[in-house]
Amino acid sequence: MQSQRRQSAGSAIPKAPAVKRRMSRHGSVLIETTPRQIPWDLVDRLLVPIIGCHAAAIVCSGVFNFLGISQVSAFVLFLFFSILTVGAAIGFHSLKVSPLGKGVLITGCESPLARALARRLDDLGFTVFAGFKALDESTEAEMLKAMSSGRLKPIPLDVTSEVQMLEASLYIAENLPEGADGLWALVHCDMWCALGELEWIPFPVMRKSFDINVLGASRLSQIMLPLIRRAKGRVVFLSSAIAHIPSPVRGIQCATQAAIEGLASCLRHELKTRAVNVSIVCASEFSSGDAWLDDTKMMDQAKAMWEQLSDEQKSEYGEDYFETAIRSLEKYTNTDGDFHSTVRALTDAIIRSFPLFRYTPLSRYEKLQTIVSEHLPRSVYELFYSN
């Protein structure tokens, strides 16, 4: 019966995976295929300049006509300004830094998404420090090392351990590429999902979610910033669309993602005078696939939550309601992750000379939903996206 439910839940989702998996003696290997999502970052970069072109065209046309200099229309001026602006913006957007002699630290490399990013940066020529919580016991670390060049260095890094974070900073400082002034980029990919309605989630699980997603990222940034400042590098946070979209049964996850985005926004202003860039990659809800949310782990977590509820809570909610709420998340575990767009956005935040503050590798549906959630009245959002 459970398998039938999973099939029915998964059948409602369009199957267009951008990442396939095949098994080898080292474990699961990620193979990127055609991306599902739209590169919104260039659109976002061009939107304001094009609006400015329209305003400038109207003003210039009015002034020319008033002074009798020319009868050129505002539309013609708009096309002229837009062509110049779009060409300049695309050229500005396309400028890249050289990867040679630059080191990048990636946390949470247990995640297939983080490992795909590590592989990509290694292929480009960066020196990659790939952080694993349990390096000695990790077959994923062995697989990643075997498939990469000598520039990729797996390191033990648990963002809830002060000792490991300090040891990682010392190791990185001693093993930077030749000629490097410091660490070029820190990419926060470590993530922990606390699932369930707020009343159900045990406090230790809630605390672990904030410890990893928020406090760990904050403390590691503190420790690594001296190295990053020396290189005039950048800090990249991996966030999610649920930071902007109300998502029942994932309230704690929404809260931690919103906290990360608030932290990044402030850090961006604090580090602007230090020539350090800060970027957020607000990824699709489906981009991680089973990177952070595994079906078996989800049900084990749900079973532990149910057992810890009081008799009054079990009577109030009922086992059927509880199971239905948890099963509503199965679509995020039954869908292959679309790593291509998210890895591209993370890579852009690292290699662009002038990176954007926010990258949104989202589907059209998710992009529209986030716009409605952020910019329209809450009653309008709930009219179209009622849960």
Side-chain angles (χ1 to χ4, degrees), residues 32 41 91-109 111 113-132 135 141 144-145 147-157 159 165-190 217 220-238 264 267-268 270-281 339-340 342-359 361:
E32 291 185 6
D41 46 316
F92 180 81
H93 180 78
S94 300
L95 295 175
K96 299 179 181 179
V97 301
S98 170
L100 300 179
K102 290 183 172 62
V104 178
L105 171 60
I106 304 173
T107 68
C109 285
S111 158
L113 189 150
R115 295 199 301 276
L117 175 63
R119 285 286 313 282
R120 173 63 176 156
L121 295 179
D122 178 64
D123 290 343
L124 289 174
F126 286 94
T127 296
V128 179
F129 300 96
F132 289 85
L135 181 60
L144 182 62
K145 182 66 176 175
M147 298 173 63
S148 305
S149 74
R151 291 186 304 274
L152 190 142
K153 307 177 190 301
I155 62 173
L157 181 55
V159 297
M165 288 189 285
L166 291 172
E167 289 177 345
S169 68
L170 293 174
Y171 177 86
I172 291 171
E174 294 172 356
N175 291 273
L176 287 170
E178 185 177 353
D181 295 324
L183 182 65
W184 174 248
L186 166 61
V187 187
H188 293 286
C189 289
D190 209 348
L220 184 62
S221 296
Q222 281 185 324
I223 292 172
M224 296 297 174
L225 272 175
L227 285 173
I228 296 171
R229 278 192 287 100
R230 291 212 298 265
K232 291 181 170 46
R234 51 203 58 181
V235 182
V236 182
F237 294 91
L238 180 60
L267 188 62
R268 172 174 173 257
E270 293 171 357
L271 296 177
K272 187 178 294 185
T273 58
R274 311 296 177 201
V276 174
N277 286 300
V278 177
S279 294
I280 296 173
V281 175
F339 293 98
H340 188 286
T342 306
V343 170
R344 178 199 54 78
L346 289 165
T347 304
D348 277 10
I350 295 167
I351 68 173
R352 299 292 180 191
S353 297
F354 304 98
L356 292 172
F357 170 59
R358 184 185 303 278
Y359 291 84

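All values below come from the heavy atoms of this structure, side chains included, with hydrogens, waters and symmetry mates left out. In this chain, residues are counted from 1 in sequence order.
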Residue pair Leu113 / Leu238, side-chain heavy-atom distance below 4.5 Å: yes
On a heavy-atom basis, which atom in Phe237 and which in Ser221 lie closest, and how many Å separate them? CZ-OG, 4.1 Å
Interatomic distance, Thr273 atom OG1 to Leu271 atom CG [nearest 0.5 angstrom]: 7.5 Å
Rounded to the nearest 0.5 Å, what separation is found between the NZ atom of Lys145 and the CG atom of Leu135? 10.5 Å
To the closest 0.5 Å, what do you measure between OG (Ser98) and CH2 (Trp184)? 10.0 Å
For Leu117 and Val128, run side chain to side chain contact (heavy atoms under 4.5 Å, CB included): C-alpha distance rounded to whole Å, both residues' side-chain angles, the deciding distance at 0.1 Å, then the answer. CA-CA 10 Å; Leu117 175 63; Val128 179; over 6 Å; no
Could you report the tightest heavy-atom contact between Asn175 and Phe129, atom names first, then the distance? O-CZ, 3.5 Å
Separation of Phe357 CZ from Asn277 CG (nearest 0.5 Å): 11.0 Å
Shortest non-hydrogen contact between Thr127 and Lys153, atoms and distance: CG2-CE, 4.1 Å
Atom CG of Asp348 and atom CZ of Arg352: how far apart are they, to the nearest 0.5 Å? 4.0 Å
Is any side-chain heavy atom of Cys189 closer than 4.5 Å to a side-chain heavy atom of Ser111? no
Only residue of Leu121, Leu124, Ile106, Leu186 satisfying side chain to side chain contact (heavy atoms under 4.5 Å, CB included) with Ile350 is Leu121
Do you know which two heavy atoms are closest between Arg119 and Met147, and how far apart they sit? NH1-CE, 2.8 Å
Rounded to the nearest 0.5 angstrom, the NZ-CZ distance for Lys102 and Arg151 is 13.5 Å
